There are 4 protein chains.
Amino acid sequence: MPRVSAEHLANRRRQILDAAANCFARNGFHRTSMQDIVRESGLSAGLIYRYFTGKDDMILAIVDEWHTTRAAGLEAAGDPLDGYLDLLRAIAAPEADRQRKLSMQAWAETVREPRIRALARQGVDEQAAAFGATVPDAAIRVLVAIYQGLLLQAAWDDELDVEAFVAAVRSTAVTLTGRAPRTEASDVTKEP
Amino acid sequence: MPRVSAEHLANRRRQILDAAANCFARNGFHRTSMQDIVRESGLSAGLIYRYFTGKDDMILAIVDEWHTTRAAGLEAAGDPLDGYLDLLRAIAAPEADRQRKLSMQAWAETVREPRIRALARQGVDEQAAAFGATVPDAAIRVLVAIYQGLLLQAAWDDELDVEAFVAAVRSTAVTLTGRAPRTEASDVTKEP
Amino acid sequence: MPRVSAEHLANRRRQILDAAANCFARNGFHRTSMQDIVRESGLSAGLIYRYFTGKDDMILAIVDEWHTTRAAGLEAAGDPLDGYLDLLRAIAAPEADRQRKLSMQAWAETVREPRIRALARQGVDEQAAAFGATVPDAAIRVLVAIYQGLLLQAAWDDELDVEAFVAAVRSTAVTLTGRAPRTEASDVTKEP
Amino acid sequence: MPRVSAEHLANRRRQILDAAANCFARNGFHRTSMQDIVRESGLSAGLIYRYFTGKDDMILAIVDEWHTTRAAGLEAAGDPLDGYLDLLRAIAAPEADRQRKLSMQAWAETVREPRIRALARQGVDEQAAAFGATVPDAAIRVLVAIYQGLLLQAAWDDELDVEAFVAAVRSTAVTLTGRAPRTEASDVTKEP
DNA sequence: GATGAATGAGGATTCATTCAT
DNA sequence: GATGAATGAATCCTCATTCAT
């Protein structure tokens, strides 16, 4: 089955990364064996090593991908405050369950893996950049902290009242940043 | 009548837990082997198993101990808001380095270990209880989130401007809780 | 009627064998992976398996080829003693580096591969045959031993004084075989 | 079973090294799996790694031990020429079968393992030192070569006429070294 | 009580070989 | 013919845990 399309390669990579992310979210990086990933992906052990040099490489790829995704999301949002509040809702949404668990694992890895720590710090810096120089650094860091803490709390508690949380943040955020969010109304609206 | 005093037993336990905490903070739970802890503690493998049933047991003991310590600190503080702000400064202090790393590890474990997850949630609830029923739940959760995020950011960045961060939080906290902290002045004061 | 010429096939075989020999000499048979040979040859894995049934087959082919080459050289030389001394110089020459390393690998394989052991023994016998029945078997075996030992020593020591070695052997060989080499002078002459 | 005597440790090491040497001689270094050694030794995998860092470490230990043994034997012999001839007989004896096979394996390793190559060269140098400065270097190297070649030939041929070989070497050796061996008679004597 | 030697299952990774394209 | 993606058994090694001394 040689001479395979670039698309095929990309799909395979996706398939592996997806399987790995599922396993990692379920059991953590270190409780996940390569065999688990092999099983989950439906591929063979050998093939996986043609795409990644090892487990650490896969971890880094997953963290990196998430970093990129989030940065893109941030940039896409017009207003930084709106973008931030959207980010809050997104990370607390039920669909983000896997991502929350992965983030928690990644944070634990920052202790021993400089590249992951670098990405983590970069994430904070990029949020700061999104707000621009007018907002004080400390204020931004508080907002990022809120995001991080929300991620944890949503991971631990399915029934967390996200809208109330976000509403509480909004007033705070306005004070901290000196900016006003797009619309008050939209925030209050619950999902149908 | 035991051969050795209860105090001796407690000291041994302390010694083991301390060695384990050092290793865990340095390399994470899963990159730490029991042999590492044996070495660090200066005790023998067999002895350690007379105090703990295994590695998971030690992890739980460490997390539990920290939970208790923090809860005690919270209770000791007279005013809940003052207590909270002190907690922020404490967790961001250089001396708390080991604790920050341990917390990050513990958070990662919440994914797979219900007892650790339970402790994590309990931590949030206790903070809420400290503030009492007058402060809305969402507001308290935001404050806890800030604490959690600060822990992460301080772990990643030695040069984080903690006082500026705390100052930013205070104004926010006043809004959120409808309370005023004891003294404004004390917060601004840098350590000598 | 084959699609490709017999010459083409022979060239391919040569190409593969050369690549394999390079790898084997560099890292030994067992530290060389098929992938290494694939890389070195510039061909594909699948193609290599159309020429050889596997790694062992290639090892055998290389050993066999060397055996044939040496036997031919021996036959080409007119006088057996001259031929022998030429062989000594040849195996100790810098250009023979790869061959020395391959021979050492082959010798190690004689332990577990009867066909290679058979070739090794045959090499000794052929040398005996070259000298003819007049020279005692033990004497010939001593000469062969010297050849073998020189191969090793030249492999381990770039600066081995080959001419002095050969000179020492010549006097010995004359005694052992009861024959005189062609010319004393030629042996002393260094390469320009 | 803690606090074990130094003797116990030495015996264990011996046990492992013996098992490994058996396996290595039987199948070569690289066809021998650690599991083979585990089986042959009757110990567990984990224990073996308390004595050796890995397979390479065991190989080196075996080569090193042989090097030491042979050097000691050389020193023990009074007359260097007698010592040398004894060495020849010893390496060609049926009991030396395992050692011959190990040496052949070790020689193959000289290609990729500098420490083994160093030991190999050292072996040649020590033989030279045993003869002293009076005998020309080239002559000694020829004698060493004969030893090496005899090792190979005895490994390949059970029925090699060792006494005839040694007898042929003796006359040669006398010429080469300008020395006379202790007794002619003893050399001719066959083992009963 | 205390030790640390011993276990052996489990983990990550490699690699000879095949075969669909 | 030629390719190289895919396989999966086999390998080396680690490590939590036990238990004889």
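Keep in mind that this is a model prediction, so the values were computed, not measured. Proteins come first, then strands; the chains are lettered A, B, ... in the order of their sequence lines, and each starts at number 1.
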Side-chain donor or acceptor of B/Arg121 paired with backbone N/O of A/Trp156 under 3.5 Å
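Indeed, once roles are kept as given, a pair shorter than 3.5 Å links the two residues.
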Under 3.5 Å, side chain of B/Gln105 to main-chain N/O of B/Ala25, donor-acceptor pair present?
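Answer holds: no.
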Does [X] reach a base, just sugar-phosphate, or nothing at all? Heavy atoms under 4.0 Å.
X	value
C/Gly54	sugar-phosphate
D/Ser5	nothing
C/His30	nothing
C/Arg12	sugar-phosphate
D/Tyr51	sugar-phosphate
A/Thr53	nothing

[atom1]/[X] to [atom2]/[Y] distance, rounded to the nearest 0.5 angstrom?
X	Y	atom1	atom2	value
B/Asp36	B/Met34	CG	CE	10.5 Å
B/Leu119	B/Gln122	CG	CD	5.5 Å
C/Ile59	C/Asp64	CD1	CG	13.0 Å

Consider the side chain of [X], meaning its heavy atoms from C-beta on, and name the nucleotide among [options] that approaches it most closely.
X	options	value
A/Ala45	F/dA6, F/dT18, F/dA9	F/dA9
D/Ser44	E/dA2, E/dG8, E/dA16	E/dG8
A/Leu47	F/dA6, E/dA6, F/dA16	F/dA6
D/Tyr49	F/dC15, F/dC13, E/dA16	F/dC13

Assuming nearest nucleotide by heavy-atom distance, tell me which of A/Gln35 and C/Arg31 is located more 5' along DNA chain E.
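Going by which nucleotide is closer to the 5' end, it is A/Gln35.
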Indicate the atoms forming the closest heavy-atom contact of D/Ala106 with D/Val63, along with that distance.
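It is CB-CG2, 3.8 Å.
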No-hydrogen, no-angle side-chain donor-acceptor test under 3.5 Å, D/Gln99 and D/Ser103
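Their side chains do contain a donor-acceptor pair, which is all the 3.5 Å distance test asks for.
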Roughly, in whole Å, what's the span from [atom1] in [X] to [atom2] in [N]?
X	N	atom1	atom2	value
D/Asp57	F/dT14	CG	P	12 Å
B/Gln15	E/dA2	CD	P	10 Å
D/Met34	E/dT13	CE	C1'	16 Å
C/Lys55	E/dT17	NZ	C1'	12 Å
D/Phe29	F/dC12	CZ	C1'	17 Å
A/Ile16	F/dT7	CD1	C1'	13 Å
D/Phe52	F/dC12	CZ	P	16 Å
C/Arg50	E/dT17	CZ	P	17 Å

Under 3.5 Å for both pairing distances: what stems, at least three Watson-Crick or G-U pairs long, include DNA chain E?
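Result, WC/G-U stems under 3.5 Å: E:2-21 with F:2-21.
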Member of A/Arg13, A/Glu7, A/Gln15 meeting the side chain to side chain contact (heavy atoms under 4.5 Å, CB included) criterion with A/Asn11
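Only one option passes, and that is A/Glu7.
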First of C/His8 and A/Ile48 reached from the 5' end of DNA chain F, by closest nucleotide
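The residue mapped nearer the 5' terminus is C/His8.
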